[in-house]
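What follows is one structure encoded as structure tokens, with my remarks underneath.
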Amino acid sequence: MTPDEGATAPKIEARAPGAPSDALIVVPVRQTVLFPEIVFPITIGRALSVEAAQAAVREQRQVLVLLQQDPSIDAPGPDAMHRVGTLANVLRYVTAPDGTSHIICQGVQRVRVTEFVPGF
């Protein structure tokens with residue numbers, strides 16, 4: 001990934017055993033775009049997304065919020081994701097009384113994906 005400002009940045013996706021230490025955790029979203037500097041709640045429902053968000057909170061790491069190309073896909077892979085997203089700080093992780101999970105994110109900067117690595 002490279003920030004649109006032209007600086008070089010690390011490879012992306014979730015860090016899993018054997019993944020590079022500079023890999024980012026990807027949180028795929030449907031019909032939601034997070035912009036830099038904006039604080040926005042994101043509802044996450046897929047088990048893999050919940051696991052990724054919990055790992056980011058536990059490890060105090062940023063996430064990459066990427067929009068799916070087709071919101072009807074339940075398990076999006078790299079080919080189903082847009083290549084530009086927003087690096088974000090997870091300000092809060094909330095589990096609602098009905099069991100749904102939410103993350104409150106603040107966009108940091110726009111980034112471009114150059115490579116996906118196996119992980120979350």
Side-chain angles (χ1 to χ4, degrees):
M1 96 182 150
T2 56
D4 285 348
E5 291 78 26
T8 312
K11 298 175 183 177
I12 24 184
E13 202 168 308
R15 189 170 69 179
S21 62
D22 60 354
L24 296 175
I25 296 172
V26 172
V27 175
V29 294
R30 306 174 202 224
Q31 301 176 339
T32 300
V33 176
L34 177 65
F35 291 96
E37 305 299 322
I38 301 299
V39 175
F40 195 78
I42 297 173
T43 301
I44 50 177
R46 293 177 274 214
L48 201 54
S49 296
V50 169
E51 186 179 334
Q54 289 175 344
V57 170
R58 183 174 50 252
E59 298 173 21
Q60 297 181 354
R61 296 187 48 204
Q62 294 176 314
V63 296
L64 177 62
V65 179
L66 280 180
L67 179 65
Q68 288 181 220
Q69 293 177 6
D70 180 355
S72 67
I73 297 175
D74 286 329
D79 293 337
M81 306 300 293
H82 285 278
R83 296 295 180 197
V84 175
T86 302
L87 185 64
N89 293 321
V90 179
L91 304 177
R92 184 166 222 175
Y93 180 92
V94 178
T95 302
D98 65 356
T100 59
S101 296
H102 308 272
I103 52 176
I104 311 299
C105 292
Q106 180 172 21
V108 175
Q109 72 180 25
R110 190 169 58 172
V111 295
R112 184 175 307 278
V113 176
T114 58
E115 179 181 359
F116 285 92
V117 295
F120 284 113

Look at the side chain of E59 and the backbone N and O of R61, then say whether any donor-acceptor pair between them is shorter than 3.5 Å.
no
For the pair R30 (side chain) and P71 (backbone), establish whether a donor and an acceptor sit closer than 3.5 Å, ignoring hydrogens and angles.
yes
Tell me, do P28 and L66 make a side-chain contact under 4.5 Å, heavy atoms counted?
no
Contact between I103 and I44 at the side-chain level, heavy atoms closer than 4.5 Å - yes or no?
yes
Euclidean distance, L87 CG relative to Q109 CD, rounded to 0.5 Å:
5.5 Å
With side-chain contact (heavy atoms from CB on, under 4.5 Å) as the criterion, how do L91 and V39 come out once you've worked through the C-alpha distance, each side chain's angles and the decisive distance to 0.1 Å?
CA-CA 9 Å; L91 304 177; V39 175; 4.0 Å; yes
List the steps and the verdict of side-chain contact (heavy atoms from CB on, under 4.5 Å) for F116 and D79.
CA-CA 10 Å; F116 285 92; D79 293 337; over 6 Å; no
Flag yes if more than 12 heavy atoms outside R83 fall under 6.0 Å of its CZ atom; otherwise flag no.
yes
Short side-chain to backbone donor-acceptor contact, T86 and L34, under 3.5 Å
yes
Mind checking whether V65 and F35 have side chains closer than 4.5 Å, heavy atoms only?
no
Quick one: CD on E51 to CZ on R46, what's the gap to the nearest 0.5 Å?
13.5 Å
Hydrophobic cluster identity match, I42 and I38, side-chain contacts under 4.5 Å
yes
Interatomic distance, CD1@I104 vs OH@Y93, rounded to 0.5 Å, equals 11.5 Å
With a 3.5 Å cut-off and no angle check, do the side chains of Q62 and N89 form a donor-acceptor pair?
yes
Does L64 form a side-chain contact (heavy atoms from CB on, under 4.5 Å) with I25? I'd like the steps, not just the answer.
CA-CA 6 Å; L64 177 62; I25 296 172; over 6 Å; no
Hey, what do you get for CD (Q106) to CD (E37), rounding to the nearest 0.5 Å?
6.0 Å
Using a 4.5 Å cut-off on heavy atoms from C-beta on, say whether the side chain of M81 contacts that of Q68.
yes
